[in-house]
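The structure's right below; bear with me while I get my questions together.
The structure displayed is predicted, hence computed values, not measured ones.
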Amino acid sequence: MAPTETANESDDAAPGDSFTLLKQQLELDFSFAPRRVKGLTTLDIQPDKPQLREITLNCRQLRPTSIRIEGEKAAFSYANLHQRLTLYPGTGLEQYHFARERIARHTAGGEDELVISVPDKVKIREIKASEAGMMDDAQGTFYAPLKLEIAYELDDFRDALQFVGVEDGDGRFPHAYTRNSAFPGAASCLFPCIDDGETRCLFDVSIRYPRTLGDALSKSSASTTVAQPQADGVEEADIVMLDADDDHVDLSEEEKAMEMQVICSGTLTDDILDPADSTRKTASFSCDTPVLPQHIGFVIGPFEHVDLSEYRDTLDDERLGENAIKVHAFCLPGKENEVRNSAMMLARALDTFTERFQSYAFGNSYKLAFVDDLECDTAHTASFSICSARLLFPETVWEPLEHTTRVLVHAVASQWIGVDVIAHNPEDRWIVVGGSWFMAELYLRELLGRNDWRFRQKLMVDKVIQMDRKRPSLQQLGEYLQSDPGEVEFMELKSLMVLAILHNRLVKQSGKNGVDRCLYRMLFNARQGKYANGAITTDDFLDICEKVGHQKLESFFQQWVAGSGCPTFHCVPSFNKKKQVVQLTIKQLQADSSITNIENGLGADDFMREAKEKARDLRSATGYPTFVGPMTIRIHEADGTPYEHIVDINSNNVKVEIPYNTKYKRLKRNRLNKERMAAAAGLDASGEVQEDVTFYMLGDLFTTPQEHNEWRLDDWPTEDEAKQEGEAYEWIRIDADFEWICRTNIEDMPSYMYVSQLQQDKDVVAQAESIQFLANKEGHKLISTFLVKTLMDNRYFHGIRTMAAMVLAQSALKRTDWVGLFHLMKAFRELFCLPNSPMTRSNDFSDRSMYLIQCAIPKAIAKIKGEDGRCPIEAKRFLLDLVRYNDNRGNDYSDDHYISTLIRCLADTLTSSGTNASSELSHEDWAQEQDFTVKAIGELTRHQRLDEWIPTYQNVYTTTALDCALKLVMNRVTPFKPTEFLQYAQLGNADNVRLKAWECLVRLGLVRKDKVLRFLVHEIRSDPSPFFRKQLLRIFGIAIGQIATGDVWQPEKAVETSSDTLVVENEASNDERASALARQNLNGALRGLKSDLQGNRTLRLVLEEALKSKTLSTSDMSDLLDICDLIFDNQRVNKLPLKLQLPRFWAVQHLGKGVLKFRRTQKFRTKRRLGVDTPAQSQPPREEIVPAPRMTAQAPKLSLKIGGTKSKGSATSPTPTVESALAKSRSQSMVFSPTVHHSPSPVPPSTRVSPALPPVPAASDSRASTPEVPLMQAPKKVATPKAETPKAATPAPAPAPAPALATVIKTPVPPPKIPIPAPPAAQAKPTPAPVTIPKAFPAPPAIASPIPLPAPKLKIRTKTGAGTTVSSRPSSAAPSPRPSAAPSPRPSVPPPPSRPAPAPKQHAKPKKSKIVKLRLPSHHLARLSSKKRKLGGGNADEGPAAKRQSLESGGLLNGAPGDKGGLVKADRSAAGERPRLLVRLKVGRDNLPPVG
C-alpha cells in the first residue's frame, strides 16, 4: 500500500507504549555517486497487549518503500517533517509560523511520524515465560515477538548524514559520516526507530560500501547500486557531475586504489567482499550493550589507521594484560602524524577512567575518526567518537594543545557519562554534561599538573560569574540547549563548576570522598539496573551525594541547580586587641535593593541569545536572594602561619569572631630584619645557613643595590613599612578552598597585604586574586616593581607570569616615567635577546611556558597608550624590530602563531584611544608616525601575501591580517575597502578564512547593503558544509543584534565646516540619543529591530528564499525561523493558498452489450460549465463613487432613452406593478443572456433562495425600474423568434423588457473587448445581499472598465416648440437586479461574432429642431442621470412616471437598422478610432448645458 502522507493527530499512545523493542538490525547500501542510501531495518517487537493494532515509530526524511510484519504487507501512514519543513509554494514570509509550529510539534513528540497498521492476518499469540527469555515463575502474560521489516530509500541529506568530497570542485578525499547529536531526532533521519531519548535496544549494523576510492566515484558502480530511475532532480544533478568527472582527472592511480573502510559503533564481526559485485564490500558490526539510536554512528572513507595503544606505558601494558582497551584512531590520508601528536594521551585516559570509575562498557576497543565539516568538535556514539579534523595539529605548533586535549579527553569520558549513563529528562542533562567534564578535568589534573588545573578553574569561575546574569537555571536550561550555542557553553561551564565546588565541600566534610566517588556510585547503580534504561535523575544524584558525603545537600542543589545567579560577598574585617579576635562581617549584596548595580548595555553578540530566552520565557529566573553554606576563612597571622576557620553562612548578614593565635608580633619584625640582612650578606637558603635565614618564597629577585638601580625598582615607603609591622595579620582570604562560585570584596585591606599574598601564598588562585586586585589600582612604580619580579621569577606558574605582564602595561604612564614600558622591554631583552644587545636570539619554543611569556610581553606593550591616546613611538619601534628581525632558524617549532601575535600587536599600536587622540603633533612627530604606519602596514601585507604562497597552519596569517584590517578600518587608520574582505568570503577559500571575512564584513555594517545581505543569506542556504552554515548563522545573528542595539559601524562622513561655524544640536540628535538609550535593554532593542527591518524588502525576499532551501537542516531552519519571529511576529497571516490541478475531460467508448469504457484524456478543462439551474454569483462590492452635485433649477430636464420605438403609453402612464415587472424581467432575461463565467460563490448555502420569487413591495430607489444595460459591450443584434432562431440551447420566448440583465451584471466576468465607461450613477456601490429574501431590488453597478477611454460623444436634440419637452426619468445603466443568491434559470445566448451595420438615420418629424453633437466629459454625463426615481408608481410630487420600454418584436435596444427610436448606440464610423457611445437627449434650446 502506498504511504498516505497525511499528518495524523497525536494519539494517547506514544511510540513504544504498547510494545517493547528488543533488537534492531540495520542493512545499509551506500552509493557515493550519486549520493543515495538504500536501507532495510528489522525490528524485533514484543507486544505488551494482544490488542496491538498500530505501531508508531519516529521517521524523518526517509522514503519508505515497503513495510512487512511477519511477512505480511502492512499499510502505513507517514508524516515526513522534511517534506513540510520549508514554506509551501505560493506562500510568503507571513506564513513562517506554519513551519515553526510543525518543527515544534515533531520535536515535542506531538505528531506521529510513521504509523504502521498491523495486518489482520497477523495474530498475536501468547507464549511461555521461558520462551520470552524470562524465568519460568515470572508473573504476567507474554506474547510472541513480531518481526517488522521496513525497506526505505534516502536521498535527502538535510540531517543525520553528511557527504564530503563528492561535490563538483571539492578536491578533498570523499567520505561520509553520521551527524550524531546529543538530543533525540537525528537518528530517525537515518533509519526508522523509537527516537525518544530513552528507549535503548541492541543493534546489529551491516553496511555495504565501495571497495576502493575509484569504485566509489565510478559511474558503473552507481548504476549497479541504484537500479531504480531517478525520482527527482537531485540525482540527475549528481549524475551530471559524474559524467564530467568520470575519468577521475583529480585522482591518481594510487588514490583510486585506496581501500575504503567503515568504522562503526560496536564490535566488527565481519568484513567480506561482495560475492555478486567485486567492487563492493560488506562490513558487519554488533553492539552487545543496549544503547540509544542516537548513539549509533559510522564513517565511510579511505581512512588510515593509527594505533594509539602503543603510547601506553610499558608497566601499564604489563599490568593490564588482556584487559587493556585498544585505542584505534582513523584519519584521512596524510594526517597520521597529526593524529599521533594530538591524541597520544587517550590510552592513558581510558586506563585512568577504567580504574577510577567503572569498567569500559563497550567491549575491548575504543575508536575515533577525524572527518571534515563536522558541525561540532566531537560527536559521541557507542565505543566510537567522531571528531572534527579541525582539532588536529602538528607537533610544531603549541597553541591548540590545551583545547584539543580537553575536547578529546572529554570524548573519552562521555563513553561513561553520556552514552552508558544518560539523562532521564531534559532538566537532568546538567548531570551528564557536568559529570563528563568533571571526569575529564580530573584526568587533566594528573596530565597537566595541579597548578594548571587550579588556574583554569579560577578562570572558569570568573567567566561563570560574568555570564550568570539574568540567566536561567541549570534545570531550566536543559530543555533549550539546542536553541543557541551560548547556552551549551554556559551549561558546560556552570555544571562543571557546580560539581567542582560540591567536590571541595564533600572532601572537606569527609576527608576523602568527593564527587568522583559519587560518579562511581552512579555508574555502578546504572550497571546494576537500578535506573530504568540507565537514565539518571537529579533526585537520584542528590541521594547518592548525600550518602557519599554524609550530609544534607538539598539547599545546595536548590541554590546552584534549581536557582540561578552567583553571590557577592562584602567582608569587613577588624582586629579587637582586647579580645584578641578578628571580627569579620560578611554581607551578601546580590539581592540588596539599596545598591544600584551598573550593568553594561545589551551587546550585539548576546542579543540573539537573550531574545530567544525571552521568547521561551527563560529569563524569568531571578537570582537566589540568600546563599547558605559553609565558607572557609584563612587568616595568615603575623608569624606567617595560616589558620583556617569554617564559617556558616546562614543569612544575608553574618558576623563572626575568629580567635587570634599569634601572641608575639615581634616574630614578624625579626623575620623581616633577618631576611634583609641575609640578602645584603649574599647568603642563600641552602646548606648550613638555611635554618637561620627565611626568604620570601616567591619574587625575591633583584635584591642587590646594583640590580635595584638597573631595573629602576621601588621600595615601600617608610609609613607603609611601619603599618605592616603593626598589622595583626598579613592577609585574609575569603573562600580559600574554592567552595563557592562568588565574587568577594574585602573592605580596607591594604595593597601590601595583597602583595604579601602574591609573594607568599603557594596557591595559584590566591596569586591570581592578588594580581586582579592590583589591576584595579592606578599604575604606580611600586606596583610595577612587584609585578616585574613576578614576571621574571620562573618559580611562578606561567599563567601568573603572563597575568603580571598584562597588568604591567597599566603602570606605563607619563607620570610614572613610563616605568611599566621599561620593565616590559627590559624583561623581554633579558629573557629573549642576546646579552647586552637589543637583537633577539633565534627562537627556541621547546619550553612552552617561556613561549607563552614571549607572546604575552609584546601583547602587553601594544596596549600601552599615552595621555594623547597614542602608543609611544619607542614601543612601536620595539615591536616593529621584533617582526623584522625574527629568526626561527634552528627552531623545531613553527613561529606562525608568534608572528601573527606580533602583527596583531603592530595593529594595536596604530590605533588610538581616549578623547585626546586628535591632539596635534609636531611636524617631526607626525613624520615619524607616518613612516611607522607605512612600515607596519607593509609588514602586515607581506605576511598576508606570504600565506597565499606558503600556507600556514589553518591560514593563521590570513585570518590575522583580516582582524588587523578590521581594527584599522574601524579606528579610521586605513580607508574602508569592502573588496578586501569580500574576496576572502567567496567559495574556494578555507572555511575559517571565509568565516573570518564574513565576521569582518558584519562588524563593518555591510549587512545593511542589499547585495551583501543577499550574498550572506545565499551562503547560508546553499553551502554544503554544516559547520560553515552554523557559524555563518551565528554571524548573521550578530548582524541582527547590531541593528537591534544600534551598534552598527558607519564610515566617517566628511563634513565641511569653517572655523567660525556654530554647531547646534537639534531635536533630531536628541531623539537619536534617546533611541540609542532605549536600545540598551532587550525590549527597546526588539522594538528598534522591528522598526528598522520590517520594511526591508530585500530581507523579506532572501529569508523567503532561505526558508525554501532544500539544503538547510532542521536546526538551521529553526535558527532562521527564530530570526523571522523576532522581526515579523506581528505580521503573521493564517492563510494558506492552495493550487489545484485543472480537471481533465473524460472520453467514453462503447464496447457493446451495454458496456461503456470511460477514460481520462490529456485535455484540460479551463472554463467552468454552468447547468440550467446554476445560480449566478454575487458581484464583489466596488468602491463607492461620490455622486455629482444636483443640477440647479434652471438646468433643463434631460431624458436618457434606451430601447427601440416609443411605446404608445404616454409619459404619465401608470407604473406597472412589481409582479408584472418581475414577469417581464424573467421573460426578457431569456433573450439577453451573454455567456457567464462564474467564480466560487462566497454566499453560504443558507442564503440561497429558490428561483421563484414571491411578490415584494416596491423599493424606494427609482433607479431600479429602468433597464440597466452594460454600455461597454458591443452592440448586439438580437433576432426575434419570427426572423431568426437564437443560438441558445433552448428556444427563446417573446422579447421582454430590458431589465432582464440583472444576473449578467451580478456575475464577475472578464472585461469585454470594447470597454466603455458606464455613467457614474451606474457605478455606485450596491447594497450587500441580506441573508433573508430582500424586499427591494438594489441596483448593482455596471462593470467598470480598467482601460481609460475618451469621453463619449452625445447627441442632444433641442425642440423649438415651447413646452414640448417631456420630462422623463433619467435612465439607469443597469437593469433591476434579482436577489444576489438566486437568479432565474435562463439559456445563454452568446453575442454574434459579426459587427452589426450602423443604424440608418431616422427621419425627424416636421418640427423645427436641430442636432448638436457635443463631446461631454464623464462628470457631465453623471449629472444627466443623477435624478432619483422610484421602482414603481411614484407620487405626484416626484414628477411623471418613467416611460416603459417597447415590447414589440421590432423594437431593438441599441438602435439597430430600421429603428427610429434608438437613442443610445455605438458609433464605429470613424476609422482608426475606438467606438464611441452616442446618446440622444431632448432638451430645449435655452436649456443647453454649458460645455467647453
Side-chain angles (χ1 to χ4, degrees), residues 1-8 15-16 18-19 21-31 34-47 52-84 111-124 144-161 187-195 201 203-209 222-232 234-235 274 276-277 280 282 284 293 296:
M1 175 180 177
T4 57
E5 299 195 8
T6 58
N8 297 332
S18 57
F19 60 87
L21 181 59
L22 302 177
K23 187 177 182 180
Q24 186 165 359
Q25 299 177 10
L26 290 177
E27 298 178 15
L28 302 176
D29 191 349
F30 267 81
S31 169
R35 296 177 301 168
R36 180 176 290 137
V37 177
K38 285 187 174 182
L40 175 65
T41 181
T42 304
L43 295 88
D44 294 339
I45 293 174
Q46 185 173 13
L52 177 65
R53 304 317 305 166
E54 285 187 350
I55 299 174
T56 304
L57 300 177
N58 298 106
C59 183
R60 303 178 185 177
Q61 92 174 1
L62 308 176
R63 201 169 62 245
T65 56
S66 174
I67 297 181
R68 295 181 178 274
I69 300 179
E70 293 294 324
E72 298 292 336
K73 193 171 184 180
F76 63 93
S77 64
Y78 180 32
N80 186 3
L81 169 64
H82 288 68
Q83 283 187 351
R84 305 181 298 157
E111 187 163 352
D112 293 337
E113 296 174 351
L114 181 60
V115 180
I116 305 169
S117 300
V118 179
D120 296 335
K121 295 182 180 180
V122 176
K123 304 299 181 184
I124 299 176
L146 301 178
K147 180 172 289 187
L148 170 61
E149 297 180 351
I150 304 175
Y152 61 92
E153 292 185 357
L154 173 60
D155 49 24
D156 180 14
F157 302 101
R158 286 176 177 262
D159 288 296
L161 199 61
S188 56
C189 297
L190 184 59
F191 53 89
C193 59
I194 302 178
D195 196 7
C201 70
F203 278 91
D204 287 339
V205 183
S206 177
I207 300 176
R208 187 170 179 260
Y209 63 99
S223 61
T224 56
T225 304
V226 183
Q228 295 184 357
Q230 289 80 22
D232 49 41
V234 178
E235 294 79 3
D274 195 326
D277 187 357
R280 302 185 70 79
T282 302
S284 301
I296 296 295

- Taking N80 for its side chain and Q61 for its backbone only, find out whether a donor-acceptor pair lies under 3.5 Å.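 Here the side-chain-to-backbone pair exists.
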- Query: Considering all heavy atoms of both residues, which atom of S206 and which atom of T282 are nearest to each other, and what is their separation?
  - Reply: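 Answer, listing the atom of S206 first, then T282: OG-CG2, 3.4 Å.
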- Using ring-ring contact (aromatic ring centres under 6.0 Å, His included) as the criterion, list what pairs up with Y152, not counting sequence neighbours.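 ring-ring contact (aromatic ring centres under 6.0 Å, His included) list for Y152, sorted by chain: empty.
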- Item | S18 to L52 - nearest heavy-atom pair and separation |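 What the structure gives for the nearest pair is OG-CD1, 3.1 Å.
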- Measuring from F76:CZ to C59:SG, what's the distance to the nearest 0.5 Å?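 With rounding to 0.5 Å, CZ (F76) is 9.0 Å from SG (C59).
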- What pairs with D274 under side-chain hydrogen bond (donor to acceptor under 3.5 Å, both in side chains), at least two apart in sequence or on another chain?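 D274: side-chain hydrogen bond (donor to acceptor under 3.5 Å, both in side chains) contacts with R208.
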- Query: Partners of P145 by side chain to side chain contact (heavy atoms under 4.5 Å, CB included), sequence neighbours excluded?
  - Reply: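 Partners of P145 under the side chain to side chain contact (heavy atoms under 4.5 Å, CB included) test: L22, I127.
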- With sequence neighbours excluded, tell me which residues meet side-chain hydrogen bond (donor to acceptor under 3.5 Å, both in side chains) with Q24.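 By the side-chain hydrogen bond (donor to acceptor under 3.5 Å, both in side chains) rule, Q24 matches T41.
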- salt bridge (charged side-chain N to carboxylate O under 4.0 Å, His left out) involving K23 - partner list, sequence neighbours excluded: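 Applying salt bridge (charged side-chain N to carboxylate O under 4.0 Å, His left out) to K23 gives D204.
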- Item | I45 side, atom CD1; I116 side, atom CD1 - distance, nearest 0.5 Å |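 It is 7.0 Å, given to the nearest 0.5 Å.
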- Message: Quick check: do I67 and L114 have side-chain heavy atoms less than 4.5 Å from each other?
- Response: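 Yes - at least one pair of side-chain heavy atoms lies under 4.5 Å apart.
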- Distance in Å, R280 CZ paired with I207 CD1, rounded so as to fall on 0.5 Å steps: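 Atom-to-atom, R280:CZ and I207:CD1 are 11.5 Å apart.
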- side-chain hydrogen bond (donor to acceptor under 3.5 Å, both in side chains) involving D156 - partner list, sequence neighbours excluded: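 If we apply the side-chain hydrogen bond (donor to acceptor under 3.5 Å, both in side chains) test to D156, skipping adjacent residues, there are no hits.
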- Message: Would you compute the distance between atom CG of L26 and atom CD1 of I296 and round it to the nearest 0.5 angstrom?
- Response: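 Answer rounded to 0.5 Å: 7.5 Å.
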- Query: Could D120 and R53 be called an ion pair, given the rule that one side-chain N must be under 4.0 Å from one carboxylate O?
  - Reply: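 Result for this pair is yes, salt bridge flagged.
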- Query: Partners of D159 by side-chain hydrogen bond (donor to acceptor under 3.5 Å, both in side chains), sequence neighbours excluded?
  - Reply: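 Only H82, T1114 meet the side-chain hydrogen bond (donor to acceptor under 3.5 Å, both in side chains) criterion with D159.
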- I55 versus L148, closest heavy-atom pair with distance: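 Answer, listing the atom of I55 first, then L148: CG2-CD2, 4.2 Å.
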- Spatial distance of atom OH (Y78) from atom CZ (R60) [nearest 0.5 Å]: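 Spacing of OH (Y78) from CZ (R60) equals 9.5 Å.
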- Query: Do any N or O atoms from the side chain of D195 and from the backbone of S188 form a donor-acceptor pair under 3.5 angstrom?
  - Reply: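 The answer is yes, because a donor-acceptor pair under 3.5 Å joins these two groups.
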- Task: State, with a plain yes or no, whether a side-chain heavy atom of L43 is found less than 4.5 Å away from one of F191.
- Result: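 In short, these two side chains do not touch, never coming nearer than 4.5 Å.
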- Partner set under side chain to side chain contact (heavy atoms under 4.5 Å, CB included) for K147, not counting sequence neighbours: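 If we apply the side chain to side chain contact (heavy atoms under 4.5 Å, CB included) test to K147, skipping adjacent residues, the hits are T42, D44, E70, E149.
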- What is the distance from atom CG of L40 to atom CZ of R68, rounded to the nearest 0.5 Å?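 Atom-to-atom, L40:CG and R68:CZ are 11.0 Å apart.
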